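Below you'll find the structure, written out as structure tokens, and then a few comments.
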Amino acid sequence: MSTASARPRAGRLLGLLTTLALIIIAVVFFFPMVWMVLSSFKTNSDIFSAPFALPTSIDFARWGEAWEVGHIGQYALNSVIVTGASVFAILLLGAAAAFAFSRYRFRGRQLFMGLLALGLLLPLQSYFIAQSTMFTDLAITDTRLALIIPYTAMGLPLAVYLLKVYLDSLPDELFEAARIDGAGDLRVFWLLALPLLRPGLATVAIFSALACWNEFLLALLYIQDDSLKTIPTGLLAFSSRYVTDYGLLFSALSIVTLPMIVIYVVFNKQIIEGITAGSMK
Amino acid sequence: MKANRAVTPYLFLGPALLVFGFAVVLPVAMTAVYSLTDWNGYGSMTFVGLDNYVKALGDSLFRDSFAHVIAYIAATLVLEVVIGLCLAGLVSARRRGSLWFRVAIFTPVMLPMVVVAILWAFVYNADFGLLNAALEAAGLQNLQKVWLGDPSTALLAISVTSGWVYAGFYMTIFYAAFNQIPSEVVEAARLDGAGEWQIFRRIKVPMIRSAVTVAVLLCVTGGFQGFDLFYVMTNGGPYGATEIPTTYLVKSVFTFGNVGYGSAMAVLLTAVVVVVGLILARFNRQRPEGARS
Amino acid sequence: MTRSRKTTITALSALSAATLALTGCAGGGGGGSDDNVLRIAMGSPGEAQIRVWDQVAEQFEAAHEGMTVEMNYQDDDLYQTIGLPNLLNGRNAPDIYFEWAGSRLEQRVSDGFAADLTDAVETEPIAGLFDEDVFTSVTVDGTVAMVPHAADVTNVLWYNKQILADAGVTPPTTWDELLAACDTLDAQGIIPIASGNKDLWAAGNWLAHLASRVVGEDAYAQALSGETGFSSPEWEKALGYVKELADHNCVNESANAVDDNEGAQLFFQGKAAMHAIGSWLVSWAIDEAPDLDFDYVNLPAMPGAGDQDSVIGVVTGYVVNAKSSKQDAAAEFLALLNNDENVQAFIAAELTPMALSASGGEIDSRSADLINMLETAPAIVLPPDTGYDLERANALYTALAEVMGGQSSPADALAGIDQKLG
């Protein structure tokens, strides 16, 4: 038939065109980031006069300078500490709460579930003002705790929701069997539920870590001490002090961006699975 | 499961509830209380009833900020959701691998917004930024503008940046949703001679209705909460053209010390977000569609 | 559903109780602490000056066994708005803090945060370090409230000597000369005056000074302190001149999109002939653009009711917290700050202190001229954001930015101010 023989040729052409389109689109998307890294090796005047030219030399000395002068190591350390502590708390508290919701019936269960669900919908604006005055009164502003506590609280609703879904899908018999074997509640949680939750925990960990790492508003409001700033606010401080030295600025941005891209490429399977699982709620 | 002791579930739930209650629930209540006062954050607090609300509803800057954020949401629905949908369609129409493409497009989602804002502020820089330089190189000097300084282009410029970041996110959601469609349906259509575009329009998109509504929900509620890009790129300028409720709120409280007034605006903004979110969520649940997951 | 309703009600009452308890906690603070730490708060003076401060801190600690000095450098914008009030009212309030003379200082005195330093400056330890006249600007209600450190001329018109010479333009001293210069430079594709006004104060201070020259210093002060409104024919006339700046393309188009650092960059890179900014440009330019040959003129004479030789400037210095338990130590620290050795150290860091011994140091001739101009000025105009209430200042800045950017007409912009201020 004429359609059958015409299709392969048209199909190949279409396939080629779509590949071309994809390449162009990908290049356009990636261009700003590539440009930023390349420009970090140029001097200010080069950036201004010949923005699209390739750098004359690839000298990582500027990156070293940006790291030193911009205290990037300090900011990164703070981000690691804050994110690490928050994610740990989110996983532990979230798993415990999900376990309670999923495996037990108790007074107030519906109320508390509803409260946490509300947390999914509640925007940051609804509480950050009062949270800020509260933290000021309790004198925990300018401490890492001022970020760890809200980050944990903000990550709990989604974590509890996702982990509960995981736990709900496990067969009751599994838990009943452990019971019959004489395991107490804590053992059931620690030795049975948690290991089974591993994929869910991984997903929650990745997303909470990303959210904490990139969080900006609270970090801006609660931490003024430069030695405690996390990467987002640290970069902002750096950019306002060195706004005149674009080569240095882009070096700092590149140093921060490249590891994240590498981590993403390595973990992209989990990340994408997490998003798809989450959006299919 | 039956607990060994009645208090056990509460012990598991307790820590999470404590942290959440302390850091979220309590401040929400306090914000509502503050909204009824005139307070500068440390001095004495005077109870003023609903005055702040009346003032907020009459504040043209506050009303304008809502107009701006709604325009932003409309723009991002196109730049993020629609483009994400088209990209997903493009990628899923191919039979061969496209992982490299999806990874590339998704990468900006990982970046801290501050990095994106600083980078794109430079792109839009009128004197030596990339965009104007590119226009110059292409001989289109007359299209050059002060992108972030011209009230007619600033909001759009920020929206485009937002689209650059999140199109990949929505593309990922939709691509996964497309993959959920039973392949027989698509194959049957192909055998019938349908072109890829027709398959996209008539079969794929309608079958992922639930993913589309989820995407719209995320885009809209996310848009209302936007802050980082706006704060770093323009901080409400030029002449307040990109002032959105959150930046206006933050200014009222943290620059001018109007805690009561800022709280009232926060309550109003929250109400809008929650109501819109609930409506969209209800919309999602009411629509039965083919591939229910 | 009564059980869950009861739980809800109990939860809500507990919540409200907690809320009220916590809000009761607010508004208590402001006490200093009793430990042996001398706390000093200020904005961000730059790396060079920070090093000098660290040195002074070390000297103080060495001379005072058991005491340590803790420096708190805040982001400038934050410090100027709510940063300082938050610090003063919180735990571990500073014992010494940076302030600007003007209505801000008066506010500190009336709030009880400024110790009476009259004795300290007349006798030990601060006596003899300053010329007595210098204290008039920091005296509130008959008491000396602040030890001055440096004076800023908030805005002058800097110019690139080479560019002006090449373009055949002399530095403008009258309004007409300024407009003519703009026309000439614009025709040659050079930005006449660079400004980075994203944060509203950079051009705001310049144009506020311009406005004060037109409406007169008294009318300016009255409008900004709230005694009068801004809608008057004189103010409209003043903003009309701002509109002329826009009409003659005097300022870079991107002025309202770029911040003050970027505005300065345009000047440093020779893209702009002139730059309207304050006296702090000197050290910055020497660092950033050592080959730049630049000088300044005060704001050109305007047609108007003000003193056409007025200078916009402000005295800055350090206040001792009246609630501090270490006021004597604080006074000694301030004396140490202004001793001969440290004054010279600050001069080397490109700051010109007001202490007497500063005149013996090697100050850039431009900085010296600026100080002289400020000291001999027939009239001093205070900058809106440090001399007056911040909300009123902001409203004026916004109106000025709108007219400068061609966004609003003078009448509309002024109407906007009154609307904003209610």
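Chain A is the first sequence line, chain B the second, and so forth, proteins listed ahead of strands; every chain is numbered from 1. The structure displayed is predicted, hence computed values, not measured ones.
Crowding of B/Y166 atom OH: a count of heavy atoms from other residues, nucleotides or ligands under 6.0 Å not exceeding 12. Enclosure of atom CH2 in A/W35 by more than 12 non-hydrogen atoms of other residues, nucleotides or ligands within 6.0 angstrom is indicated. More than 12 heavy-atom neighbours from other residues, nucleotides or ligands sit within 6.0 angstrom of CZ on A/R105.
Closest non-hydrogen pair, B/L119 versus A/M33, comes out as CD2-N, 4.4 Å. For B/F20 against A/P157, the heavy-atom pair with the smallest separation is CE1-CG, 3.7 Å.
Counting heavy-atom pairs closer than 4.5 Å to chain A, the top residue among B/V115, B/V250, B/V259, B/V123 is B/V115. Taking chain A as the reference chain and counting heavy-atom pairs below 4.5 Å, the highest number among B/L87, B/L130, B/V114 is found for B/L130. The candidate from B/L18, B/V273, B/V24, B/V267 with the greatest count of non-hydrogen atom pairs under 4.5 Å with chain A is B/V24. In terms of heavy-atom pairs under 4.5 Å with chain B, the best-connected choice from A/A252, A/P51, A/S126 is A/S126. Per-residue heavy-atom pair counts under 4.5 Å with chain B were compared for A/I90, A/V28, A/L115, A/I47, and the maximum is reached by A/L115. Of the listed residues (A/A97, A/P123, A/A26), the greatest number of heavy-atom pairs within a distance under 4.5 Å of chain B belongs to A/P123. Taking chain A as the reference chain and counting heavy-atom pairs below 4.5 Å, the highest number among B/L17, B/L269, B/L11 is found for B/L17. Contact count against chain A (heavy-atom pairs under 4.5 Å) is highest for B/A133 among B/G277, B/A133, B/G195, B/A271. With chain B as the partner, the residue from A/I23, A/I263, A/L235, A/L220 showing the most heavy-atom pairs under 4.5 Å is A/L220. Considering only heavy-atom pairs separated by less than 4.5 Å from chain B, the leading option among A/D185, A/L253, A/L210 is A/D185. Contact count against chain A (heavy-atom pairs under 4.5 Å) is highest for B/N4 among B/T246, B/V116, B/N4, B/V19. Listed options A/A153, A/A21, A/A159 were ranked by heavy-atom pairs under 4.5 angstrom with chain B; first place goes to A/A153.
With a 4.5 Å cut-off on non-hydrogen atoms, B/F101 touches chain A through its side chain but not through its backbone. Contact of B/F106 with chain A is made through backbone and side chain together, with heavy-atom distances under 4.5 Å. For chain B, the nearby parts of A/I149 are the backbone and the side chain; heavy atoms of each come within less than 4.5 Å. Contacts between A/L116 and chain B at a heavy-atom distance below 4.5 Å involve backbone atoms as well as side-chain atoms. Interface residue A/S132: only side-chain heavy atoms are found under 4.5 Å from chain B. Contacts between A/V160 and chain B at a heavy-atom distance below 4.5 Å are absent for every atom of the residue. For chain A, the nearby part of B/V253 is the side chain; its heavy atoms alone come within less than 4.5 Å. For A/D172, no part lies near chain B; criterion is any non-hydrogen pair under 4.5 Å. Using a 4.5 Å cut-off between heavy atoms, B/V274 touches chain A through backbone and side chain atoms alike. The contact between B/I105 and chain A is made by backbone and side chain atoms together, counting heavy-atom distances below 4.5 Å. If you measure heavy-atom distances from A/F52 to chain B, the contacts under 4.5 Å come from the side chain alone. Neither the backbone nor the side chain of B/A215 has a heavy atom closer than 4.5 Å to any heavy atom of chain A. For A/L92, no part lies under 4.5 angstrom from a heavy atom of chain B. Of the two parts of A/Y104, the backbone and the side chain both hold a non-hydrogen atom closer than 4.5 Å to a non-hydrogen atom of chain B. In this structure, the portions of A/R103 lying under 4.5 Å from any heavy atom of chain B include both its backbone and its side chain. Looking at B/N179, there are no atoms closer than 4.5 Å to chain A (heavy atoms on both sides), in backbone or side chain. For B/L111, the parts lying near chain A are the backbone and the side chain together; criterion is any non-hydrogen pair under 4.5 Å. Contact annotation for B/T8: only side-chain heavy atoms (C-beta onward) come within less than 4.5 Å of a heavy atom of chain A.
Under the 4.5 Å side-chain criterion, counting only non-hydrogen atoms from C-beta, B/P112 is in contact with A/M260. The shortest side-chain heavy-atom distance between B/P245 and A/Q125 does not fall under the 4.5 Å cut-off.
For A/E176, the side chain to side chain donor-acceptor pair (under 3.5 Å) criterion is met by no residue, not counting sequence neighbours.
Ring geometry for A/F29 against B/W164 counts as parallel: the plane angle stays under 30°, on a 0 to 90° scale with 60° as the upper cut.
Counting only residues at least two apart or in different chains, side-chain hydrogen bond (donor to acceptor under 3.5 Å, both in side chains) contacts with residues 146-157 of chain A comprise A/Y151-A/E215.
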Worked check of side chain to side chain contact (heavy atoms under 4.5 Å, CB included) between B/L90 and A/I25: CA-CA 11 Å; B/L90 201 59; A/I25 294 175; 4.1 Å; yes
B/Y42 and A/T133: CA distance, side-chain angles, deciding distance, side chain to side chain donor-acceptor pair (under 3.5 Å) verdict: CA-CA 9 Å; B/Y42 48 84; A/T133 56; over 6 Å; no
Pair A/F128, B/T31 - check side chain to side chain contact (heavy atoms under 4.5 Å, CB included), show working. CA-CA 8 Å; A/F128 80 85; B/T31 305; over 6 Å; no
Give the intermediate values and the outcome of side chain to side chain contact (heavy atoms under 4.5 Å, CB included) for residues B/L26 and A/Q131. CA-CA 8 Å; B/L26 187 58; A/Q131 196 185 78; over 6 Å; no
Tell me, with the steps shown, if B/M110 and A/F267 meet side chain to side chain contact (heavy atoms under 4.5 Å, CB included). CA-CA 12 Å; B/M110 307 288 292; A/F267 286 108; over 6 Å; no
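No donor-acceptor contact under 3.5 angstrom links the side chains of B/T270 and A/Y127, judged on distance only.
When ring centroids are compared, B/F12 and A/F101 stay outside the 6.0 Å threshold.
Note that the CZ atom of B/R102 and the CG atom of A/L22 stand 11.0 Å from one another [nearest 0.5 Å]. Annotation: the span from A/I129 atom CD1 to B/L249 atom CG amounts to 5.0 Å, rounded to 0.5 Å. Atoms CG and CG, from A/N268 and B/L99 in turn, are 5.5 Å apart once rounded to the nearest 0.5 Å. To the nearest 0.5 Å, atom CZ of residue B/F122 and atom CE of residue A/M36 are 12.0 Å apart.
No donor-acceptor pair closer than 3.5 Å links the side chain of A/Y264 to the backbone N or O of B/V109.
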